[in-house]
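All chains are named by letter (A, B, ...) in the order of the sequence lines, taking the proteins before the strands, and each is independently numbered beginning at 1. All values below were derived from every heavy atom in this structure, side-chain atoms included, with hydrogens, water molecules and symmetry-related copies excluded.
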2 protein chains.
Amino acid sequence: MNDDAVFKALADASRRQLLDRLYERNGLTLNALCEDLDMSRQAVAKHLAILEEANLISSEKHGRVKLHFINAVPINGIAERWINKFERRHLNALSALKKALEDEGGQ
Amino acid sequence: MNDDAVFKALADASRRQLLDRLYERNGLTLNALCEDLDMSRQAVAKHLAILEEANLISSEKHGRVKLHFINAVPINGIAERWINKFERRHLNALSALKKALEDEGGQ
DNA sequence: TTGACAGGCAACCATTTGGTTGCTTATAAA
DNA sequence: TTTATAAGCAACCAAATGGTTGCCTGTCAA
């Protein structure tokens, strides 16, 4: 729940791109994430480490491959605690609705 | 509307703190923003320049003082375009409600 | 009109960041 | 049991970042 790490992790376009890739297809390997990324594998690995440190992704090792999964919790946390602040007028109604949707929809 | 500039601007804790100060009291001068910030005036000025570059604040010069105003638009833009992506399940309902509230409440 | 005060400009500095290359380790397949 | 493949480790590098100090400019008030 370290806001600073999350903001710093999101500050880099390459890392946001990695998140995008994982968003559209979750559970990719390091090598898969490298494809057409115009960056060395090691550079990507570093970015992934930063994202994982910020808890924006998690990973599982299966044999010699490592799968990467996006984690929406910190990003939603920031949206909740920080960004929505700037639309306080709507916050109450919005979070009430969200809660209702979550309660109703499960997860 | 440059996402990258906004993310980069938000990546620094001092800058987020400055936005916090402007959020709780808008229209502060540079010197006012410096108070108990344990940083030189010039450092603060640089941060403000970065925030202004990212369109997160605007400023007006009145005589020899310069007033700084927070601008929620880019932050809401990011929340809309990027962050809500990670809660797509709710997006439709949420944005519909937002729109309704805005139409109803005026700006 | 002359201080005092708000802010701007520019040079400089240490550290962090984003990237590289080269080599090693571990697992899967021939 | 080799060999190829996925990933990790470490050293290194240039550029960006966050900060400093010193001095300049412009405006208000005594």
So, is Asn31(A) near the phosphate of dT5(D), with a side-chain N or O under 4.0 Å from OP1 or OP2?
no
Between [N] atom [atom2] and [X] atom [atom1], what is the distance in whole Å?
{"X": "Leu10(B)", "N": "dT17(D)", "atom1": "CG", "atom2": "P", "answer": "14 Å"}
{"X": "Asp12(B)", "N": "dT16(C)", "atom1": "CG", "atom2": "P", "answer": "13 Å"}
{"X": "Leu30(B)", "N": "dG7(C)", "atom1": "CG", "atom2": "C1'", "answer": "6 Å"}
{"X": "Lys66(A)", "N": "dA28(C)", "atom1": "NZ", "atom2": "P", "answer": "16 Å"}
{"X": "Gln17(B)", "N": "dG18(D)", "atom1": "CD", "atom2": "P", "answer": "14 Å"}

With the sugar-phosphate defined as primed atoms, P, OP1 and OP2, and the base as all remaining atoms, what B/S/- string results for nucleotides 25-30 of chain D, 5' to 3', for protein heavy atoms under 4.0 Å?
-BBS--
For Asn55(A), is there any backbone N or O sitting under 3.5 Å from a side-chain donor or acceptor partner on Asn71(A)?
yes
side-chain hydrogen bond (donor to acceptor under 3.5 Å, both in side chains) contacts touching residues 24-38 of chain A (sequence neighbours left out)
none
Results of side-chain contact (heavy atoms from CB on, under 4.5 Å) for Ala54(A) - residues two or more places apart only:
Ala5(A), Val6(A), Ala9(A), Leu56(A)
Just jot down the side-chain contact (heavy atoms from CB on, under 4.5 Å) partners of Ala49(B), sequence neighbours excluded, or say none.
none
When Ile, Leu, Val, Met, Phe, Trp and Tyr are grouped by side-chain heavy atoms lying under 4.5 Å apart, directly or through other members, which residues fall in the same group as Phe69(B)?
Val65(B), Leu67(B)
5' precedence on DNA chain C between Lys8(B) and Leu67(B) (nearest-nucleotide basis)
Leu67(B)
Nucleic acid contacts - residues 46-54 of chain A versus DNA chain C, non-hydrogen atoms under 4.0 Å
Lys46(A), His47(A)
Set of side chain to side chain donor-acceptor pair (under 3.5 Å) partners for [X], sequence neighbours left out:
{"X": "Arg21(A)", "answer": "none"}
{"X": "Glu52(A)", "answer": "Ser59(A)"}
{"X": "Asp4(A)", "answer": "Lys8(A), Arg16(B)"}
{"X": "Glu60(B)", "answer": "His62(B)"}

Do Ile70(A) and Ile50(A) sit in the same hydrophobic cluster, where Ile, Leu, Val, Met, Phe, Trp and Tyr count as joined when their side-chain heavy atoms come under 4.5 Å apart?
no
Only distances under 3.5 Å count here; give the side-chain donor-acceptor pairs of residues 40-48 of chain B to other protein atoms, sequence neighbours excluded, each with its distance to 0.1 Å.
from     : atom 1 : to       : atom 2 : distance (Å)
Ser40(B) : OG     : Ala43(B) : N      : 3.1
His47(B) : ND1    : Arg15(B) : NH1    : 3.1

Looking at DNA chain D, which of residues 35-43 of chain B put a heavy atom within less than 4.0 Å of it?
Met39(B), Ser40(B), Gln42(B), Ala43(B)
